[in-house]
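Here's the structure we're looking at; comments come further down.
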Amino acid sequence: MTATCDIPDVLVNALRDARHVCILTGAGVSAESGVPTFRDAQEGLWAQYEPQDLATPEAFLADPALIWRWYRWRRQIVADAKPNPGHYAIARLAELIPRLTLITQNVDNLHQRAGSTDVIEFHGNLFEDRCFADGTLAAGDDSLDVPMCPDCGGKLRPGVVWFGEVIPEAALNESCAAASDCDVFLSVGTSSLVYPAAGLADLARDNGATLVEINPNSTMNAADFDFALAGKSGVVLPELVASLAL
Ligand code: APR
């Protein structure tokens, strides 16, 4: 394992030779856009809460209006944010590699706003509303404290995957297939603490892929990676793309 924030030639060559690159991103890739990571301390009114205590079906049923206030606060933060150079570098990378699969744990839509397409949203999307009863996409009256489903009259919920809930089947299947097929697997801005997303790197390793971690802080899984590029994704990813384009 090589820990550096310069892009080693052997890694550049592996990317140049790659038929298929799989990228998994986490909250760290949006940190330079001003979106707090999941394990950053929350600010202001929300400082008293742990995200893990709010992002659950139980918390929603206990106080749906509180959960909607939290998600509306997060929507405003993200709506005010802009994609950063790391998001744009990933969108550019897709033009330089024969096949790139982008899997994100983030729900902030910033990859899409930077031009990435076919983004696999492993944990859903912050800006979608879904019927709490059956999970179908719906649009309710957002002026209400708790929007109601136009079809069944029940509560709407934000379209994100909560703790204890299953990953959308299509997202999980596509992600596992991509990790099992790729030649290079980039894990960017994630603490690699939450499964099954954190297990995708294991699938990639088992398939013989070159594993790369991009994170300013070493994670517990860093030793399992062939390369640990210790730096901010908004700096390292543009360097990586620039080295490819040479
Ligand atoms: N560039 C790259 N990585 C960064 C940056 C940056 N500028 N800033 C912070 N990081 C790293 C941190 O070192 C940390 O390892 O981003 C990671 C963020 O970790 P988490 O906050 O745990 O976020 P994430 O890994 O995405 O969490 C996974 O857990 O809580 C659930 O559903 C939630 O999708 C989330 C999942």
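Every number for a ligand or one of its atoms is a count from 1 in the order of the listing. These values consider heavy atoms only, across backbone and side chains, with no hydrogens, waters or symmetry-generated copies.
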Check: What atoms of ligand 1 come within less than 4.0 Å of a heavy atom belonging to Gly26?
Finding: 26 (O)

Next item on the list: Pick one of side chain, backbone, both or neither for how Gln105 approaches ligand 1, counting any non-hydrogen atom pair under 4.0 Å.
Entry: both

Notebook entry, point to check: Roughly how far, to the nearest 0.5 Å, is OG1 of Thr104 from NE2 of His123?
Noted result: 9.0 Å

Next item on the list: Answer yes when Arg205 and Asp226 have at least one side-chain N-carboxylate O distance shorter than 4.0 Å, and no when they do not.
Entry: no

Next item on the list: List every atom of ligand 1 that sits less than 4.0 Å from any heavy atom of Thr190, numbering the atoms from 1 in the order shown and giving each element.
Entry: 15 (O), 17 (C), 24 (P), 25 (O)

Item checked: Pair Trp70 and Tyr49, ring centroids less than 6.0 Å apart -> no

Check: Is it the side chain, the backbone, both or neither of Phe122 that has a heavy atom closer than 4.0 Å to ligand 1?
Finding: neither

Check: Is there a donor-acceptor pair under 3.5 Å between the side chain of Asp108 and the backbone N or O of Val78?
Finding: no

Check: Should we count CG of Asp206 as having more than 12 external heavy atoms under 6.0 Å?
Finding: yes

Checklist line | Backbone or side-chain N or O of Asn106 under 3.5 Å from ligand 1 N or O | finding: no

Notebook entry, point to check: Do Asn217 and ligand 1 have an N or O pair less than 3.5 Å apart?
Noted result: yes

Check: Below 4.5 Å, heavy atoms only, C-beta onward: do Ser187 and Leu200 meet side chain to side chain?
Finding: no

Margin query: Suppose clustering is done on Ile, Leu, Val, Met, Phe, Trp and Tyr with side-chain heavy atoms closer than 4.5 Å. Which residues sit in the same group as Leu144?
Written below: Met148

Note to self: I need the contact type for Val194 against ligand 1. Using non-hydrogen atoms and a strict under-4.0 Å cut-off, is it side chain, backbone, both or neither?
What the structure shows: side chain

Checklist line | Plane angle bin for His87 and His111 - parallel if under 30°, tilted between 30 and 60°, otherwise perpendicular | finding: perpendicular

Note to self: As an exercise, identify every atom of ligand 1 less than 4.0 angstrom from a heavy atom of Ala31.
What the structure shows: 8 (N)

Item checked: Atoms of ligand 1 close to Glu32 [distance to a heavy atom under 4.0 angstrom, numbered from 1] -> 1 (N), 6 (C), 7 (N)

Note to self: Out of Ser233, Pro216, Gly231, who is nearest to atom 3 (N) of ligand 1 when you count heavy atoms only?
What the structure shows: Pro216

Note to self: Please work out, at 4.0 Å between heavy atoms, whether the side chain, the backbone, both, or neither of Lys232 comes within that distance of ligand 1.
What the structure shows: both

Next item on the list: State if Asn215 counts as touching ligand 1 under the rule of any non-hydrogen atom under 4.0 Å.
Entry: yes

Item checked: Within one Ile-Leu-Val-Met-Phe-Trp-Tyr cluster: Ile90 and Tyr88, side-chain cutoff 4.5 Å -> no

Next item on the list: With heavy atoms only and a cut-off of under 4.0 Å, state how Ala27 meets ligand 1: side chain, backbone, both or neither.
Entry: both

Item checked: Nearest-option assignment for atom 34 (O) of ligand 1, heavy atoms, candidates Glu50, His123, Glu213 -> His123

